[in-house]
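This report concerns only the one structure given below.
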Amino acid sequence: MEPTTSPASTISHRTSTRISDDVATKELAAEIAERLRQAEQLVLPLDETLGILDQLQEFELGRFLLHNRGLNGYWTSYIFRNAPEGPVTPLEHWLLNDSLLCQARERYHRFKEEIAGCITEGATLASIPCGVMDDLLQQDYSGVEKFRIVGIDIDEESIAYARENAEQRGLAAHTEFEVRDAWKLGVDGEFDLIVSNGLNMYESDPQRLTDLYRSFHQALRPGGRLLLSFLTPPPPPPWVAPEHAAAWEKYDIPEADLRRELSIMGDIVQVTYLNFSSEDEVRAQLEAAGFTVQAVRYNAGGVLPIVTAVK
């Protein structure tokens with residue numbers, strides 16, 4: 001691959017991974033608190049919401065969410081691995097074990113199962129955006145001798161973590177990394193597999209999504225596969241629309257936890273990664289980009305799909 005330089009198209013964060021409980025965090029929290037006080041409607045009572053805001057400042061993952069309104073490669077891996085190296089606060093424990101982030105972790109493991117079937121002799125596998133690249137680096141390559149693993153991300157810090165991850169997994173000799181814009185890969189017919197888990201959740205423009213998938217299509221060899229996730233539109237909250245309460249059963253989250261989830265991710269953090277698409281919309285975008293959609297697989301509850309598309 002030849003080096004490509006381009007401006008950031010979609011990046012999920014504005015700070016480095018580690019954020020201390022410093023003046024900047026306190027100033028940001030004060031701004032959020034004032035916004036919450038001025039809000040016409042909140043999911044939880046104001047006092048409870050402000051209490052959660054205080055708790056989010058007590059741990060690094062919470063501070064990163066407050067500053068960035070999304071996740072980077074490091075914190076996505078932290079959530080998926082769910083193996084904190086030290087004590088966690090009660091709210092962090094809840095985020096890791098009871099929030100809807102647990103469903104994303106379940107999808108990540110289904111991704112790994114799908115990837116395992118694509119590991120063949122001589123294959124070139126790419127993760128875009130790669131983050132720390134657990135999706136490819138945590139695979140079993142003992143049955144093959146010749147293979148390439150390519151990590152592409154627009155975030156240089158994520159690439160640095162991915163390099164460390166490859167070293168720790170004993171796969172550095174098989175890996176290479178590029179800092180690139182996913183919309184402008186500059187790659188032609190090189191990959192047998194592209195895995196993309198999460199990037200499209202930060203982009204709401206249908207044409208931009210089609211352009212992204214077209215970039216993936218160009219980078220794949222004929223017969224190459226794309227494994228892709230997307231977020232389907234959720235039903236309205238059951239306390240807003242009781243007639244849709246049964247639709248929330250597939251998410252397997254009690255109402256009290258759902259209220260806390262929407263308070264944190266909606267009212268407090270105002271996350272930027274909740275861009276939803278229907279299966280029909282994703283199929284149409286992929287087909288417009290030149291793909292044939294081979295399968296769309298949901299979890300046991302019928303949510304969090306993974307698409308397999310073929311060039």
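When the side-chain hydrogen bond (donor to acceptor under 3.5 Å, both in side chains) test is applied to Glu60, the partners found at least two apart in sequence or on another chain are Arg18.
Taking a cutoff of 4.0 Å between a charged side-chain nitrogen and a carboxylate oxygen, Arg110 and Glu106 qualify as a salt bridge. The pair Arg283-Glu279 counts as a salt bridge, with a side-chain nitrogen and a carboxylate oxygen less than 4.0 angstrom apart. One finds a salt bridge joining Glu203 and Arg208 here, because a Lys/Arg side-chain nitrogen approaches an Asp/Glu carboxylate oxygen to under 4.0 Å.
Separation of atoms CG (Leu125) and CD1 (Ile149) is listed at 6.5 Å; rounding is to 0.5 Å. Atom CH2 of residue Trp75 and atom CZ of residue Phe64 lie 8.5 Å apart, to the nearest 0.5 angstrom. One finds the OG1 atom of Thr124 at 10.0 Å from the CG atom of Leu193 (value rounded to the nearest 0.5 Å). The OG atom of Ser99 lies 7.5 Å from the CD1 atom of Ile79; values are rounded to the nearest 0.5 Å. Separating the CG atom in Asn165 from the CD atom in Glu167 is a distance of 10.5 Å, to the nearest 0.5 Å.
Contact check for Leu56 versus Arg63: no side-chain heavy atoms found under the 4.5 Å cut-off. No side-chain heavy atom of Glu48 sits less than 4.5 Å from a side-chain heavy atom of Arg259. Two residues are said to be in side-chain contact when any heavy atoms from C-beta on lie closer than 4.5 Å; Ser127 and Asp135 meet this criterion. In this structure, the side chains of Leu44 and Ile52 come closer than 4.5 Å at one or more pairs of heavy atoms.
Side chain to side chain, Gln285 and Glu281 fail the donor-acceptor criterion of an N or O pair below 3.5 Å. A donor-acceptor contact under 3.5 angstrom links the side chains of Asp257 and Trp94, judged on distance only. At a cut-off of 3.5 Å, with distance as the only test, no side-chain donor of Ser278 or Asp280 sits close to an acceptor on the other residue. Using modelled atom types and a 3.5 Å distance limit, the side chains of Gln138 and Lys112 yield a donor-acceptor pair.
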Under 3.5 Å donor-acceptor pairs involving side-chain atoms of residues 264-271, not counting sequence neighbours:
| unit_1 | atom_1 | unit_2 | atom_2 | d |
| --- | --- | --- | --- | --- |
| Asp267 | OD2 | Val43 | N | 2.8 |

Result block: side-chain N/O donor-acceptor pairs under 3.5 angstrom for residues 212-240, not counting sequence neighbours:
| unit_1 | atom_1 | unit_2 | atom_2 | d |
| --- | --- | --- | --- | --- |
| Tyr213 | OH | Asn200 | ND2 | 3.1 |
| Arg214 | NH1 | Asp211 | OD1 | 3.1 |
| Arg214 | NH2 | Ala288 | O | 3.3 |
| Ser215 | OG | Ala182 | O | 2.8 |
| His217 | NE2 | Gly290 | O | 3.1 |
| Arg221 | NE | Glu190 | O | 3.2 |
| Arg221 | NH1 | Asp192 | OD1 | 3.3 |
| Arg221 | NH1 | Asp192 | OD2 | 2.8 |
| Arg221 | NH2 | Glu190 | O | 3.4 |
| Ser229 | OG | Asn197 | OD1 | 2.7 |
| Ser229 | OG | Gly198 | N | 3.3 |

